[in-house]
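Below: the structure, in C-alpha cells.
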Amino acid sequence: MEKTYNPSAIEQKNYQNWEEKGYFKPHGDTSKESFCVMIPPPNVTGSLHMGHAFQDTIMDTIIRYQRMQGKNTLWQMGTDHAGIATQMVVERKLFAETGQTRKELGRETFIEKIWDWKKESGNTICKQMRRLGTSVDWDRERFTMDDGLSAAVKKVFVDLYNDDLIYRGKRLVNWDPKLHTAISDLEVESKDVKGFMWHFRYPLADGALTADGKDHIVVATTRPETMLGDTGVAVNPEDPRYQDLIGKNIVLPFTNRLIPILGDDHADMEKGTGCVKITPAHDFNDYEVGKRNNLPMINVLTFEACIRDEAEVFNSMGEKSDDYSTELPKQFQGLTREDARKLVVSELDALGLLDEIKPHDLTVPYGDRGGVVIEPMLTDQWYVRVAPLAKTATEAVANGDIKFVPQQYENLYNAWMSDVNDWCISRQLWWGHRIPAWYDESGKVYVAHTEAEVRTEHNLDDSVKLTQDDDVLDTWFSSGLWTFSTLGWPEKTMDLKTFHSTDVLVTGFDIIFFWVARMIMMTMHFMKNEDGTPQVPFKTIYMTGLIRDENGEKMSKSKGNVLDPLDMIDGIDLESLVTKRCGNMMQPKMAKKIEKQTRKAFPNGIEAHGTDALRFTLAAMASTGRDIHWDMNRLEGYRNFCNKLWNASRYVLMSSEETPCGFGDDAGNEMQLSLADRWIQGQMQTTIKEFRHALDTYRFDLAANILYQFTWDQFCGWYLELTKPILFKGSEAEQRGTRHTLLNVLETLLRLAHPIMPFMTEEIWQRVKGVTGLGGESIMIEPFPEFDAKLVDEKAVEDLEWVKQIIMAIRNIRGEMDISPKIPLNLLVKNASDDDQRRFTENQAFLSALTKLESVTIVAEGETTPVSATALVGELELLIPMAGLIDVDAELTRLSKQLEKAQKELGKISGKLSNERFVSNAPEAVITKERGKQAELQTTCDKLSEQIETIKAL
RNA sequence: GGGCGAUUAGCUCAGUUGGGAGAGCACCGCCCUUACAAGGCGGGGGUCACUGGUUCAAGCCCAGUAUCGCCCA
C-alpha cells in the first residue's frame with residue numbers, strides 16, 4: 001500500500017467496476033423487502049453544486065446502507081427539463097453565437113436547438129455523479145420530457161380536466177414582462193422597497209360634493225400609471241366621510257371615464273385617505289373588489305408592460321365588453337410603465353389634481369427567474385383546482401403516512417396546504433410539455449391526448465380546423481409525477497408494484513411547496529392501492545439545509561461564491577478557480593470583486609481531498625434543521641481522517657501478510673486473544689449499535705462522529721498500539737489471535753464505513769480479502785455489520801480501561817515534567833489492591849510498551865520510597881523516582897494544579913450532598929453516585945496534599 | 001403583522017426521558033518512536049445570548065427580552 005492515501009488512484013476504477021458488474025441495480029429478489037429512493041431530478045442542462053453533492057451523499061449513504069442489508073434496492077436517477085431556466089440558457093447562447101433570437105429561429109428549430117444542448121450538456125451531471133460515487137441505476141435514467149413521462153403528463157392533464165380539477169379561465173396572473181410568460185405565485189419573490197404614496201384628486205361627477213363641501217375626493221396609490229385602467233373608487237361603507245357618496249360617480253382624469261364610488265370593506269378607514277382607486281385588471285386586491293361589485297376590467301398594458309394604444313375592456317366575468325371606450329390618451333401610448341408613471345404624475349400636477357406625495361414602504365413582487373417586477377395581467381391560463389387535492393395530501397401527513405425529518409417542517413407544510421391558491425400551470429414558453437388542448441375556429445376548447453382523439457370523440461371531420469394550444473405546462477407539473485411516472489405509469493408495471501410507495505425523499509426545504517407538496521397531491525390522486533385507498537409517494541421526507549459559503553452567505557453564480565464539488569475532490573489551482581468564477585458573468589463589473597474575494601478565500605487554490613473525504617464532511621455537517629456553513633478546515637480534517645484509516649489498514653495488512661492469522665489454511669490453529677483483542681471487539685460492537693441507530697434516525701452527523709471517534713481514538717489510538725508488543729514479542733498463538741482480531745475488526749469497520757466512504761473502504765476491503773481469503777465480490781454487496789452482544793466482554797472493558805488510566809497517568813508525568821520519551825522509567829506502586837496487582841502482572845507488556853517502563857515494583861505499606869513524581873489512579877498511587885533529576889517547582893506546580901481541580905469539584909459535590917433537600921428528593925442512584933464521587937475525590941485530595949507536603953519537605 | 005428556527009470554546013458545530021459542559025479545526029509545549037508529520041504525546045480555553053420561573057437539581061422544561069436568519073401576509 002502507498003504510504004499516503006491517494007484518492008485519485010482508487011476512486012474511478014472502483015466505480016467503473018461497480019457499474020460494470022451491475023451492483024447498482026436492484027437485485028430483483030422480490031421475496032426480500034424492497035427499498036426505493038427517487039432522486040430529485042436536477043436540471044438537465046445544469047451542473048451539480050455543493051447542495052447536490054450534499055443530498056447525493058445522504059441518498060447514497062441511505063441506499064448503500066439498505067442495499068447491504070439485503071433489500072431489493074433502487075435509487076432512481078433522472079433529470080428535469082427545467083422549462084424556463086433551460087429556455088433562457090439556450091436563448092442566451094443562441095444570441096451570443098449567432099445574434100439570432102428564438103423568434104427569428106422559429107419554434108420548431110429552437111426546440112431542436114434545446115435538444116442539441118441537452119445532449120451536449122446532459123452528460124455533465126452524470127459525470128459529476130459518477131465522481132461522487134452515487135450508486136444510482138443508470139440504465140433506468142429518465143428525463144421529464146422523454147416519451148414515457150410525456151405520456152404520463154398527457155394522461156394526468158386529460159384526466160384532471162375530465163374530473164374538473166383542471167380548468168381554463170381569464171384570470172389575473174403574475175406576468176413576467178421580461179420573459180413573457182405567466183408564472184405561479186410561488187415563483188414570485190416579494191421585496192421590501194422604499195417608494196411613494198401619491199394622493200390624487202378625482203373630481204366628482206354631476207356637481208356632487210363631499211360632506212365637507214369639496215368637489216373631489218382624494219385617492220392614494222403606489223402605482224399612478226394604473227389609473228388609466230380604473231373602473232371604480234372604493235370607500236368603506238361605514239365611513240361617515242364618504243357614505244353619502246356611494247352610488248355617485250367620478251370623472252376619471254385623462255379618459256373622462258365615468259366610474260362609480262362604491263362601498264367595500266377593502267377600503268380601510270384608517271389607511272391613507274380612506275378612498276381607494278380600483279383597477280381590477282392590474283391589481284390582485286382590486287380584482288377581487290371588482291368581481292364582488294361587478295366592475296368592468298380594463299387592461300391598459302401590453303405584455304411588455306407598456307401602455308397599450310387601445311385598452312381592452314372586459315366585464316367582470318372576463319368577457320369582452322363595450323361598457324367603456326377602449327380609447328387611451330395619445331401621450332401615454334407606448335410608454336413603459338416607469339415613464340407612464342412619471343407622465344401621469346406630472347400631468348395630474350399640471351391639472352392641479354396632485355394632492356401630495358408621501359414616502360412609503362411597500363413590497364414589490366419580482367419574478368424569481370427574470371428578476372423584473374411582476375405585472376398582474378389579465379390573460380387566459382390553465383389552472384389546477386388545488387383545494388380537493390390538498391385535502392388528501394394534508395391528511396397523509398396528519399395521520400403519519402408521510403413523516404417529515406425534522407418534524408418541524410410539518411408546520412410549514414400544513415400552513416401552506418391550508419391556504420393554497422389554484423395553481424397556474426400554463427406557461428408562455430416553447431420548452432416543455434405542450435398542453436393537450438385544441439381550439440376550433442370559434443375558440444371552443446377540446447382536451448384529449450391527441451388531435452385525432454379530439455376528432456373521434458367529438459365527431460369533428462377534417463373540415464373543422466383545430467389548433468393546439470401554444471402554451472406548455474409548468475415544469476413542476478411533470479416533476480410532480482416523478483415518483484410514479486419514472487416507474488412506468490400509466491402502464492401497470494412490476495416496478496410500480498415493487499417500488500411504489502417509495503421510501504425516502506431527500507430534498508431541500510426550499511422546494512417543499514414547488515415540488516414536495518405537489519408530488520404528494522398528484523401521486524395520491526393517481527396512485528391507488530387495490531382497495532382504492534391512495535398511495536403516498538414516499539414515507540419519509542428528509543429535509544436538508546442549504547449549504548452556505550464560509551461567511552454564511554447563500555451560494556450563487558451571481559455572487560461568484562459557488563463551489564464545484566469536483567474541485568473539492570480533485571483540487572484546483574487559484575488561477576483556474578478565478579477564471580471559472582468570473583467567466584460568464586451577467587454583470588462584468590462584479591468580476592473584479594469576485595476575483596478579489598476568491599483570492600482572499602483561497603490564496604493557494606484548493607487542494608485535492610478525494611470523494612470520500614468530501615462525503616464524510618458533508619455527512620458530518622448534516623445536522624438536521626439548519627443550514628451548513630461550508631468550512632474548508634473541516635474538509636481537510638476529514639481528509640486527514642481518510643489518511644488515518646488508510647494507514648491503519650496499511651499497518652494491519654503489513655502485519656498480517658504472509659503470516660498465520662487464523663484464516664484459510666491457518667484456521668483452527670491455536671489462537672489466544674489478548675485483553676486488547678477482547679476489548680476492541682466489544683468496542684466495535686458498541687460502535688455498530690450506535691452507528692446503526694444514528695443512520696436509522698437520519699443523524700448522519702452523529703454517524704460520522706461515531707465512526708471517527710472509534711476509528712481514530714479507539715482503533716488507532718489505543719488498539720493498534722496495544723497490538724505492537726504482542727506482534728513483536730507474543731507467542732505464536734497470541735500473535736495469531738491478535739492478527740486475526742486486527743483483520744476482523746478492520747474488515748467490520750470497513751463495512752460499517754462503506755455507506756459514507758465507499759471508495760477507500762472497497763479498495764482496502766479487497767486487499768483484506770486477499771489476506772483472509774474470505775469470499776465476496778465487493779464490499780458494497782456484503783452484509784452490513786450487526787450488533788452481537790456476545791462479543792462484548794465487560795471484564796475486558798474494565799481491565800483495559802484501567803490499563804489506559806495507568807498509561808495516561810504516566811504520560812501526564814512525562815509530558816508535564818518534560819521527561820523525554822526516550823528515558824525509560826521505573827515505576828513504584830503503593831496501595832495496590834489485589835485487582836491492581838493482578839492487572840499489573842497481566843499487562844506488563846502493554847504498560848511497558850506504551851509508556852516505556854523498565855520495571856514495576858509493588859511497594860508495601862509504610863515502606864519508605866525515594867523522591868518521586870506521583871500520580872493517582874483511584875486509590876492506587878504511582879511513583880516515578882526522579883533520582884536527582886526532579887524539578888521540585890515543576891512537580892509542585894503540577895500537583896497543585898491537580899489538587900485545585902479536585903478540590904473545586906469536591907466542593908461542588910459536598911455542597912450538593914449537604915443540601916438536605918437534595919438528599920431527600922433525588923433518586924437513590926444519583927445520591928449513591930455522588931457519594932462515591934465524593935469519597936473518591938476526598939482520597940484524591942488527601943493523597944495529593946500528602947505528596948505536596950513530601951515534595952515541599954525536601 | 002403572523003409563523004418557524006438559531007444563539008454553547010477563537011472558528012464550525014454536537015449535546016435525544018433534567019443529574020459529571022463535548023468534538024473537529026485553530027492555539028501552547030515536547031517529539032521525525034519501525035501504520036500515519038495529512039502524525040504522536042501532553043496542555044490551556046466556555047457566566048451554555050439575557051431576565052425571571054418550575055425543580056433538590058436547568059445548556060435541556062416554562063414565560064418574557066434581545067440579536068440574527070428563513071417563510072408567509
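Numbered from 1 within each chain, the chains take letters A, B, ... in sequence-line order.
- A heavy-atom distance below 4.0 Å to RNA chain B is reached by none of the residues of residues 602-617 of chain A.
- A distance of about 16 Å separates the C1' atoms of B:U12 and B:C27, rounded to the whole Å.
- For A:Asp701 and B:C13, the CG to P distance is 12 Å, given to the nearest whole Å.
- With sequence neighbours left out, A:Thr741 forms a side-chain hydrogen bond (donor to acceptor under 3.5 Å, both in side chains) with no residue at all.
- Between A:Tyr542 and A:Phe700, the two ring planes are perpendicular [angle over 60°; tilted spans 30° to 60°].
- Between atom NZ of residue A:Lys912 and atom CD of residue A:Glu930 there is a gap of 4.0 Å, rounded to the nearest 0.5 Å.
- Residues forming a salt bridge (Lys or Arg N to Asp or Glu O under 4.0 Å) with A:Glu875 (at least two apart in sequence, or on another chain): none.
- Here B:C4 presents its C1' atom at 14 Å from CZ of A:Phe404, a figure rounded to the nearest Å.
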Pairs: protein N or O with nucleotides 21-30 of chain B N or O, under 3.5 Å:
unit_1 : atom_1 : unit_2   : atom_2 : d
B:G24  : O3'    : A:Tyr708 : OH     : 3.4

In residues 704-711 of chain A, what donor-acceptor pairs under 3.5 Å come from side-chain atoms, sequence neighbours left out?
unit_1   : atom_1 : unit_2   : atom_2 : d
A:Asn705 : ND2    : A:Asp701 : O      : 3.3
A:Thr711 : OG1    : A:Leu707 : O      : 2.7

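- Scored by the side chain to side chain contact (heavy atoms under 4.5 Å, CB included) test, A:Thr748 finds A:Met684, A:Ile688, A:Arg751, A:Pro785 as partners (sequence neighbours excluded).
- Judged by distance alone, the side chain of A:Arg615 and the main-chain N or O of A:Ile756 form a donor-acceptor pair under 3.5 Å.
- Taking side-chain N and O atoms only, A:Lys3 has a distance below 4.0 Å to OP1 or OP2 of B:C36.
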Give me the distances for all protein-to-nucleotides 53-64 of chain B N/O pairs that come in under 3.5 Å?
unit_1 : atom_1 : unit_2   : atom_2 : d
B:C56  : O4'    : A:Arg917 : O      : 3.2
B:C56  : O4'    : A:Asn921 : ND2    : 3.3
B:C56  : O2'    : A:Asn915 : ND2    : 3.3

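- Between A:Lys901 and B:G44, a side-chain N or O to OP1/OP2 separation shorter than 4.0 Å is present.
- Side-chain atoms of A:Ser910 and A:Gln934 include a donor-acceptor pair closer than 3.5 Å.
- In RNA chain B, stems built from 3 or more consecutive Watson-Crick or G-U wobble pairs, each with both distances under 3.5 Å, span B:1-7 with B:66-72, B:10-13 with B:22-25, B:27-31 with B:39-43, B:49-53 with B:61-65.
- The aromatic rings of A:Phe404 and A:Tyr409 sit tilted, their planes meeting at an angle between 30° and 60°.
- Considering only residues two or more places apart in sequence or on other chains, A:Lys644 meets the side-chain hydrogen bond (donor to acceptor under 3.5 Å, both in side chains) condition with none of them.
- If you take CZ on A:Phe616 and OG1 on A:Thr57, they are separated by 12.0 Å, rounding to the nearest 0.5 Å.
- For the residue pair A:Thr4/A:Asn6, the side-chain donor-acceptor check at 3.5 Å is not satisfied.
- For the OP1/OP2 pair of B:U33 and a distance below 4.0 Å, the side-chain nitrogens and oxygens of A:Lys724 include no atom meeting the criterion.
- A:Cys642 SG to A:Asn647 CG: the interatomic distance, rounded to the nearest 0.5 Å, is 11.5 Å.
- Nucleotides B:C50 and B:U8 place their P atoms 10 Å apart, quoted to the nearest Å.
- Separation of the C1' atoms belonging to B:C28 and B:C61 is 40 Å when rounded to the nearest angstrom.
- Rounded to whole Å, the C1' atom of B:U65 lies 16 Å from the corresponding atom of B:A6.
- Nearer to the 5' terminus of RNA chain B, by closest-nucleotide assignment, is the contact made by A:Lys822 (compared with the other of A:Gly717 and A:Lys822).
- We find that CG of A:Leu720 is positioned 11 Å from P of B:G40, with the value rounded to whole Å.
- Listed by chain and number, the residues in a salt bridge (Lys or Arg N to Asp or Glu O under 4.0 Å) with A:Arg639 are A:Glu607 (sequence neighbours excluded).
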All N/O contacts under 3.5 Å from nucleotides 68-73 of chain B to the protein, with atom names and distances to one decimal?
none

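- Not a single side chain to side chain contact (heavy atoms under 4.5 Å, CB included) links A:Glu916 to another residue, sequence neighbours left out.
- Classified by interplanar angle (parallel below 30°, tilted 30° to 60°, perpendicular above 60°), the ring pair A:Trp416/A:Phe513 is parallel.
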